[in-house]
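The structure displayed is predicted, hence computed values, not measured ones.
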Amino acid sequence: MEFRYLGDSGLKISEITYGNWLTHGSQIENDAATACVRAALDAGITTFDTADVYANGAAETVLGEALKGERRASLEILTKVYWPTGPKGHNDCGLSRKHIMESIDASLSRLQTDYVDVYQAHRYDTETPLEETMQAFADVVRAGKAHYIGVSEWTAEQLRAGHALATDLGIKLISSQPQYSMLWRVIEEQVVPASAELGVSQIVFSPIAQGVLTGKYKPGAELPAGSRATDEKGGANMIRRFLNDETLSRVQQLEPIAADLGLSMAQLGVAWVLQNDNVAAAIIGASRPEQVAENVKASGVTLELDVMKRIDEALGDI
Ligand code: NDP
């Protein structure tokens with residue numbers, strides 16, 4: 001496993017990070033979740049990403065249990081705040097001081113840890129003054145409950161404003177967590193250049209487009225049994241944007257490229273996001289430990305320029 005610095009901080013994270021959205025506390029049983037975490041640790045993953053809203057807090061609880069007994073200093077644990085976890089009262093959403101202060105304590109308790117390494121704003125809150133949000137984050141850091149601050153799916157402009165306030169408050173906003181894959185390249189235009197300038201890294205989610213880039217979803221074919229696209233608890237909904245014949249046919253054209261390199265399609269997908277210098281880590285999800293063992297082998301893979309060009313040509317404008 002290779003490690004990369006997160007933004008301009010001294011914190012190193014494993015370039016392949018394990019995330020538990022839709023799986024822990026939901027799609028898969030707790031034993032399978034523990035087996036995936038074990039496979040991640042065995043493969044050298046030290047960085048784990050979760051959020052309070054995943055499975056209404058259960059994902060944090062399952063991860064906390066699975067990591068129990070591990071040396072805390074050898075792990076980087078990241079969680080997020082924004083959406084309601086459990087009761088949906090009028091103050092249970094967003095980035096108000098009240099919601100942040102209550103949420104961090106609840107997350108730490110579920111994760112069975114005294115601090116998270118990075119506490120992330122899961123989305124931007126257009127209704128709370130950004131000054132209030134950043135002051136609350138600064139107080140969380142000063143209380144020793146988080147070491148660094150990150151954001152998720154903020155625009156370049158929001159990132160600049162948040163970063164400036166964090167710097168004034170003496171805390172470090174070092175990461176941005178957007179969706180990024182061969183099929184979803186939105187951040188390349190504005191977020192990546194702004195981040196590079198600010199000393200912020202991307203920790204990207206859904207690097208294999210929720211499984212679509214494995215090539216297991218075939219155009220015109222039935223959905224594979226047991227896959228995320230068939231999971232009515234939540235996954236099916238989010239993956240749908242990729243499940244059309246045009247996209248799936250293009251994805252099939254990546255197969256000879258992966259084969260020529262001796263990589264699986266999943267490994268090619270994960271390796272592709274890691275070629276971007278501003279990406280510190282690809283957050284992979286898994287419904288079984290074998291997927292972790294396979295995908296983690298993308299660490300350290302270099303894709304030469306001619307390969308990157310072949311990929312662009314195969315995918316065209318999608
Ligand atoms: P991926 O793109 O890695 O998709 C993971 C899913 O793809 C697995 O659960 C599995 O689903 C399938 N899969 C993985 N490997 C293989 C393989 N080798 N062969 C076949 N199928 C495979 O990432 P996720 O979409 O899961 O996102 C990863 C993490 O990113 C999340 O856990 C979370 O931490 C973070 N995230 C953050 C968001 C945010 O708003 N900040 C939003 C979304 C995610 P199956 O077997 O069920 O088909």
**Report entry** Spacing of Lys172 atom NZ and Leu11 atom CG [to the nearest 0.5 Å]
**Finding:** 11.0 Å
**Report entry** Heavy-atom check, side chain of Leu67 versus side chain of Leu41, under 4.5 Å
**Finding:** yes
Query - Atom CD of Glu29: over 12 foreign heavy atoms under 6.0 Å - result: no
**Report entry** Any donor-acceptor N or O pair under 3.5 Å, side chains Gln177, Ser152
**Finding:** no
Query raised in the report: Stepwise, does the side chain to side chain contact (heavy atoms under 4.5 Å, CB included) test hold for Val81 with Tyr119?
Result: CA-CA 8 Å; Val81 54; Tyr119 198 39; 3.3 Å; yes
Query raised in the report: Under 3.5 Å, is there a donor-acceptor pair linking the side chains of Glu76 and Thr46?
Result: yes
**Report entry** Closest non-hydrogen atom pair between Ser176 and Gln202, with its separation
**Finding:** OG-OE1, 2.6 Å
Query raised in the report: Between the side chains of Gln112 and Glu65, does any donor sit under 3.5 Å from an acceptor?
Result: yes
Query raised in the report: Under a 4.0 Å N-O cut-off, is there an ion pair linking Glu157 with Arg160?
Result: no
Requested in this report: Show your working on side-chain hydrogen bond (donor to acceptor under 3.5 Å, both in side chains) between Ser287 and Gln27 and close with a plain yes or no.
Outcome: CA-CA 8 Å; Ser287 64; Gln27 183 193 0; 4.6 Å; no
Requested in this report: Kindly assign one of parallel, tilted or perpendicular to the pair His122 and Tyr54, based on the angle between their ring planes and the thresholds 30° and 60°.
Outcome: perpendicular
Query raised in the report: Is any side-chain heavy atom of Leu268 closer than 4.5 Å to a side-chain heavy atom of Met182?
Result: yes
**Report entry** Neighbour count >12 (heavy atoms, 6.0 Å) for atom NZ, Lys218
**Finding:** yes
Query raised in the report: Is there a donor in the side chain of Thr50 and an acceptor in the side chain of Asn20, or the other way round, less than 3.5 Å apart?
Result: yes
Query raised in the report: If every non-hydrogen atom of Ala282 is compared with every non-hydrogen atom of Val270, which pair is closest and at what distance?
Result: CB-CG1, 4.0 Å
Query raised in the report: For the rings on His24 and Phe48, is their centre-to-centre separation under 6.0 Å?
Result: no
Query - Heavy-atom pair of closest approach, residues Asp92 and His99 - result: O-CE1, 3.0 Å
Report task. Determine yes or no for a side-chain-to-main-chain donor-acceptor pair under 3.5 angstrom, with Asp49 supplying the side chain and Ile284 the backbone. Result -> no
Query raised in the report: Does the pair Asp31/Arg38 count as a salt bridge with the N-to-O cut at 4.0 Å?
Result: no
Query raised in the report: Any Lys/Arg nitrogen of Asp139 or Lys145 sitting under 4.0 Å from an Asp/Glu carboxylate oxygen of the other?
Result: no
Query raised in the report: Can a donor-acceptor pair be found between the side chains of Gln179 and Ser206 at a distance below 3.5 Å?
Result: no
Requested in this report: Kindly work out whether a path of hydrophobic side-chain contacts (I/L/V/M/F/W/Y, heavy atoms less than 4.5 Å apart) joins Val273 to Leu78.
Outcome: no
Requested in this report: Look at the rings of Tyr180 and Trp272 and say which category their plane angle falls in: under 30° parallel, 30 to 60° tilted, over 60° perpendicular.
Outcome: tilted
Query raised in the report: Just how far is it from atom CG of Asn276 to atom CD1 of Ile187, taken to the nearest 0.5 Å?
Result: 6.5 Å
Requested in this report: Using a strict cut-off of less than 4.0 Å between a Lys/Arg side-chain nitrogen and an Asp/Glu carboxylate oxygen, indicate whether Asp114 and Arg72 qualify as a salt bridge.
Outcome: no
Query raised in the report: Out of curiosity, does Val251 fall in the hydrophobic cluster containing Leu263 (side-chain heavy atoms, cut-off under 4.5 Å, transitive links)?
Result: yes
Query raised in the report: Please walk me through it: do Tyr5 and Ser201 pass side chain to side chain contact (heavy atoms under 4.5 Å, CB included)?
Result: CA-CA 8 Å; Tyr5 282 104; Ser201 293; over 6 Å; no
**Report entry** Spacing of CD1 belonging to Ile149 relative to OG belonging to Ser9, to within rounding of 0.5 Å
**Finding:** 12.5 Å
Query raised in the report: Counting heavy atoms not belonging to Glu313, are there more than 12 under 6.0 Å from its CD?
Result: yes
Query raised in the report: Do the side chains of Leu75 and Tyr115 join up, straight or via other hydrophobic residues, at under 4.5 Å, putting them in one cluster?
Result: no
**Report entry** Aromatic Phe137 / basic Arg142 pairing, under 6.0 angstrom, 45° off normal
**Finding:** no
Report task. Heavy atoms only: give me the nearest Ser14-Gly44 pair and the separation to one decimal. Result -> CB-O, 4.2 Å
Query raised in the report: Do Ser175 and Gln120 have side-chain N/O donor and acceptor atoms under 3.5 Å apart?
Result: no
Report summary line: CG of Leu173 to NE2 of His163, rounded to nearest 0.5 Å, is 6.0 Å
Report task. List the steps, then state whether side chain to side chain contact (heavy atoms under 4.5 Å, CB included) holds for Leu254 with Leu315. Result -> CA-CA 8 Å; Leu254 298 171; Leu315 293 174; 4.1 Å; yes
Report task. Indicate the atoms forming the closest heavy-atom contact of Thr230 with Pro224, along with that distance. Result -> CG2-O, 3.6 Å
Report task. Working to the nearest 0.5 Å, report the span between CD of Gln210 and CD1 of Ile208. Result -> 9.5 Å
Report task. Take Ser96 and Glu132, measure what side-chain hydrogen bond (donor to acceptor under 3.5 Å, both in side chains) needs, and give me the verdict at the end. Result -> CA-CA 7 Å; Ser96 68; Glu132 173 178 335; 4.8 Å; no
**Report entry** Stepwise side-chain hydrogen bond (donor to acceptor under 3.5 Å, both in side chains) check, Ser264 with Glu294
**Finding:** CA-CA 8 Å; Ser264 73; Glu294 176 187 333; 2.6 Å; yes
Query raised in the report: Any idea which heavy atoms bring Gly162 and Met134 closest together, and the distance?
Result: O-CE, 3.7 Å
Requested in this report: Measure the OG1-CG distance between Thr61 and Asp52 for me, rounded to the nearest 0.5 Å.
Outcome: 11.0 Å
**Report entry** Cluster check Met101, Leu111: I/L/V/M/F/W/Y, side chain < 4.5 angstrom
**Finding:** yes
Query raised in the report: Can Arg241 be said to sit on top of Trp184's aromatic six-ring, NZ or CZ under 6.0 Å from centre and within 45° of the ring axis?
Result: yes
Query raised in the report: For atom NZ of Lys309, is the number of surrounding heavy atoms from other residues, nucleotides or ligands below 6.0 Å larger than 12?
Result: no
Requested in this report: Spell out, yes or no, whether Val191 and Val204 are grouped together once hydrophobic residues are joined by side-chain heavy atoms under 4.5 Å, including indirect joins.
Outcome: yes
Report task. Spell out, as yes or no, whether a donor-acceptor pair under 3.5 Å connects the side chain of Ser26 to the backbone of Thr23. Result -> no
Requested in this report: Report the C-alpha separation of Gln158 and Leu130 in whole Å, then their side-chain angles, then the decisive distance to 0.1 Å, and conclude whether the side chain to side chain contact (heavy atoms under 4.5 Å, CB included) test is met.
Outcome: CA-CA 9 Å; Gln158 291 162 349; Leu130 188 56; over 6 Å; no
Query raised in the report: So, Asn91 and Glu102: side-chain donor and acceptor under 3.5 Å apart, yes or no?
Result: no
Query raised in the report: Under 6.0 Å from the NZ atom of Lys216, do we count more than 12 heavy atoms belonging to anything else shown?
Result: yes
